[in-house]
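Letters A, B, ... are given to chains in the order of the sequence lines, protein chains preceding strands, and every chain is numbered from 1. Here the structure is a predicted model, which is why all the values come from computation and not from measurement. Keep in mind that the numbers below use all heavy atoms, side chains included, and drop hydrogens, waters and symmetry copies.
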Amino acid sequence: MTLRLTNIAKTFPDGTRALLPTELTVKTGEIVSLLGPSGCGKTTLLRIIAGLETPDFGSTIWFDNDDVTSLSVERRKVGMVFQSYALFPNMSVRANIGYGLKMQKLSKSEINARVTEVLEMCQLDEFSKRGVDALSGGQRQRVALARAIAPRPRLLLLDEPLSALDASMREALRDELAVLLRKFQITAIFVTHDQDEAMAIADRVAVMSNGRVVQSGTPEELYRNPNSSFVAGFVGNAMHLEGKSAGKLLTLEGGTQHLLSEGSGQNVYVRAEDVRIDEAGSLCGEVETVTFMGTHYRVGIKGIMPNVLTSIFSGQSAPNVGGKVRVSIKPQALMLLPEGEAQA
Amino acid sequence: MTNRTFVLACLTPLLVFSVAFLALPLVRLFLVSGESEAGWAIYLDILRKPRYLNTLILTVLVSLATTVAALAVSTTAGMFLSRNRFKGRGILLSIMTLPLAFPGVVIGFLIILLGGRQGLINQITPGHVVFAYSVIGLFLGYLYFSIPRVLLTVMAAAEKLDPTLEEAARTLGASPFRVVVDVILPGLMPSLIAAGAIAFATAMGAFGTAFTLATDIDVIPMVIYTEFTLSANIAIAAALSIVLGVVTWALLLLARSLSGTTVSAGG
Amino acid sequence: MLNSRTKLIQLTVTLTACAFLLVPMILSVMAGVTANYFQGISSGLTLKWVFRVWELYADSIFLSLWLAIACLISTLIIGLPAAYGLARHPGWLSRILEEFISLPLAVPGLALALALLQLYGSMKGFRISWTFILVGHVLYTLPFMVRSILAVLASMDLKTLEEGAASLGASPWQRFRDIVVPNAMPGILAGSLTVVTLSIGEFNLTWMLHTPYLKTLPVGLADSYASMRLEVASAYTLVFFVLIVPLLMAMQWASARAQRIAQ
Ligand SMILES: Nc1ncnc2c1ncn2[C@@H]1O[C@H](COP(=O)(O)OP(=O)(O)OP(=O)(O)O)[C@@H](O)[C@H]1O
Ligand SMILES: [Mg+2]
């Protein structure tokens, strides 16, 4: 199913403008992630798509060629996985998963067959008789997913489905979820504020900021070609090289840096992995922090620009704190973005 | 929004019931209180006429005495029961909460069994010791009623007291007595005030106990009852009811805002 | 915790209080099964007073049981949806409504009964029917039912659970039936036991609202205290204990359970 949102806005009764007019299209079978900082309106957008929140007048939501804007949630046929899972504590795993099918008034045998099928797909067979209180966080998350999937919704919505899990679990389940979602072959929208999660699971990421979608594209596109400083900063933590640019030369506190194109009127961004500690580098600073990360070191360098410049260093012995280092950045790795907040 | 409609529909029976049988009757009661010759000055009469004023004073005094006694007894017992685990504790606790379900009349009767003419005290002591129908009997009846309620409030509060606070005070060198004064009592204070307010309000309004015991004592509920049934002096009965209701309601509101718990007055 | 002398004082107070509460109960039970209370136990144990009570007051006992059941049904019909409504619509209006229906907890029953009599006393058919007493009982017990359920509902994330059900296609009524009621069960149970216990023991309102043909158990008790010999009054009290004590214990158990769940 293709989802098309046009002109979606939301103003809460207290005057909070959680969403500014926003467009978004999700193609059939596509898994899209809504990524953005806390409070940017991701949940609100998801709840509007689900029908749990009414958008402002003038907004329209299309499921293929149906305008579902005024359709109530129980008739929209969307599956939703809640952040807290919202599993019914009065029902067993099986009953939870079968609830949506029961609401569709399917026959008992059909419900049973479908539930069994979904249980198997989600590797939940052995827990089917348990109460939902007797499950681990990861198992609950799978039950929530299975419950949403079982009625074969037109669209699956997931609001931070991994955030209730602890860090180590989250990483394992992230990949599992990505596999499961593809197994279901379903159109899905997935909210997260964790860029790794978005990139691992989604075909396409829509980055949101202050109530708008500011850029959407494949993870690679967003990483390589952010269209605004916000996206550059949020996806992959690009650092702003603050200095004065004249022509193709950027002058920083710690030296000068070549640019590939005209730099005036542009902000220059760089990612930590492109900052190389290099004897022959053109920039010079002082090591402020060294953090061992297992496969590499993160080295914080001051004196090159007003803020600390971080470099990923993968050599065997890291530079000493307080020592002087030289740094080089390939001009191709620099991202030049227009000054001021870019609009989508 | 059908959802909103459904939720509102859910509240409708409650609204209808409480308007029909609570709001309107109370309004009516209030209007009735002003319908005598005295008009609204009837509320001043309560304070001016010695009969009512004395009643008011006596009721407040008995209620105060009940409150103080119930607080003292129940706090001591409550702290003891919540801080010590011993054989028989459960039984003691059951005994002390059993009277929760007794209506005031039954409690009145129990006091008669204790201090009436055929009562235990009169039988086992030489001479004629009958106190059931005096103010003492009334006080004991109210106390009987209040002990379980105050006890439960105190124990609930005691369980919530953070034991590490006491331990902290003791590691800082506080004596057991200082721990009580500096940590336990301040921690319990909101609940004690709340429980006290409950005991006081309950005693002010207790009808059942007074009905069995206070045939010769003028406490407000009895005066309301006799004015209404015997003298058919409906306005003053209504006015006294309103005053009593407002006082007990305000006290319990205070109690609840302090402790966050609800224990019914009733009885 | 404290030194042993303090403990001793505490123990003494506790035991004295227990004795104060327990001794009259024992006296009452004894008196109810003693052939002649003046002569004491030596006159022999008997159940004849209990049978006498049954002859005299069986109607009152049945009326009380009937009223308690009717009261339970009424408070469920009014209170369960109301608690749900209040839980789903938290806000100052709900607070005021909750506060208002809780008035009967604070305002003495006597005053409420007077108010009811003033407004409805002249409607003769209603005044003399058992439903008039029922209204009083519902008025008094309803806040317990509502609060008991509300406490449980407020402790769970009702809104999200319902949204979950809605996203699976459940209508408001289906959500109420499948999600709200089953999950509110501990509160409903505790509330129900409280309502029945209170209804059976209710005296203050009932005394004012009853008619000579409609005496409830506690009204009958008051009656027997005033006009019957001590043994009969005691035997009647004994019957009341037998009825109310198990109910109270069940109620305390259920309330503690509901409270645990509500935390
Ligand atoms: N019911 C509401 N009434 C008023 N304002 C609201 C309401 N719900 C959300 N908001 C506001 O709308 C904005 C967007 O909220 P939303 O929950 O969509 O953020 P989010 O992107 O999901 O954030 P998070 O990552 O923290 O979950 C926030 O400023 C929030 O305070
Ligand atoms: Mg959110």
Legend entry - Minimum side-chain heavy-atom gap P25(B)-Y120(C) below 4.5 Å: yes
Inset, instruction - Side chain from CB out, backbone as N, CA, C, O: work out which of these in L253(B) comes under 4.5 Å of a heavy atom of chain C, or both, or neither. - result: side chain
Inset, instruction - Among the options Y225(B), F109(B), F228(B), pick out the one with the most heavy-atom pairs lying under 4.5 Å from chain C. - result: F109(B)
Legend entry - Heavy-atom contact with chain C under 4.5 Å, split by part of A9(B): neither
Inset, instruction - Indicate the atoms forming the closest heavy-atom contact of A222(C) with V105(B), along with that distance. - result: CB-CG1, 3.8 Å
Legend entry - Heavy-atom contact with chain C under 4.5 Å, split by part of I234(B): side chain
Inset, instruction - With a 4.5 angstrom heavy-atom cut-off, could you sort out which part of A237(B) is near chain C: side chain, backbone, both or neither? - result: both
Legend entry - F102(B) side chain reached by L248(C) side chain, heavy atoms, under 4.5 Å: no
Inset, instruction - Over 60° means perpendicular and under 30° means parallel, so classify the ring planes of F176(C) and F6(B), tilted if in between. - result: perpendicular
Legend entry - Close side-chain approach of T76(B) to T14(C), heavy-atom, < 4.5 Å: no
Inset, instruction - To the nearest 0.5 Å, tell me how far L113(B) CG sits from S28(C) OG. - result: 6.0 Å
Inset, instruction - Find the distance between CG (N204(C)) and CZ (F211(B)) and round it off to the nearest 0.5 Å. - result: 10.5 Å
Legend entry - F21(B) versus chain C, the contacting section by heavy-atom distance below 4.5 Å: both
Inset, instruction - Nearest 0.5 Å please: distance from the CG atom of L27(C) over to the CD1 atom of I112(B). - result: 12.5 Å
Legend entry - Flag side-chain contact, heavy atom, 4.5 Å: F17(B) against I101(C): no
Inset, instruction - Determine whether L98(B) and M249(C) make a side-chain contact, defined as any pair of heavy atoms from C-beta on separated by less than 4.5 Å. - result: yes
Legend entry - Contact origin within V32(B) toward chain C - heavy atom pairs under 4.5 Å: side chain
Inset, instruction - Check whether L15(B) gets within reach of chain C through its side chain, its backbone, both or neither, counting any heavy atom under 4.5 Å. - result: side chain
Inset, instruction - Side chain from CB out, backbone as N, CA, C, O: work out which of these in L151(B) comes under 4.5 Å of a heavy atom of chain C, or both, or neither. - result: neither
Inset, instruction - Heavy atoms only: give me the nearest G201(C)-P103(B) pair and the separation to one decimal. - result: O-CB, 3.0 Å
Legend entry - Shortest non-hydrogen contact between F100(C) and S18(B), atoms and distance: CE2-O, 3.8 Å
Inset, instruction - Indicate yes or no: at least one non-hydrogen side-chain atom of F203(C) is less than 4.5 angstrom from one of V106(B). - result: no
Inset, instruction - Please round to the nearest 0.5 Å and tell me the distance separating atom CD1 of I9(C) and atom CZ of F80(B). - result: 12.0 Å
Inset, instruction - To the nearest 0.5 angstrom, please state how far the CD1 atom of I95(B) sits from the CG atom of L21(C). - result: 8.5 Å
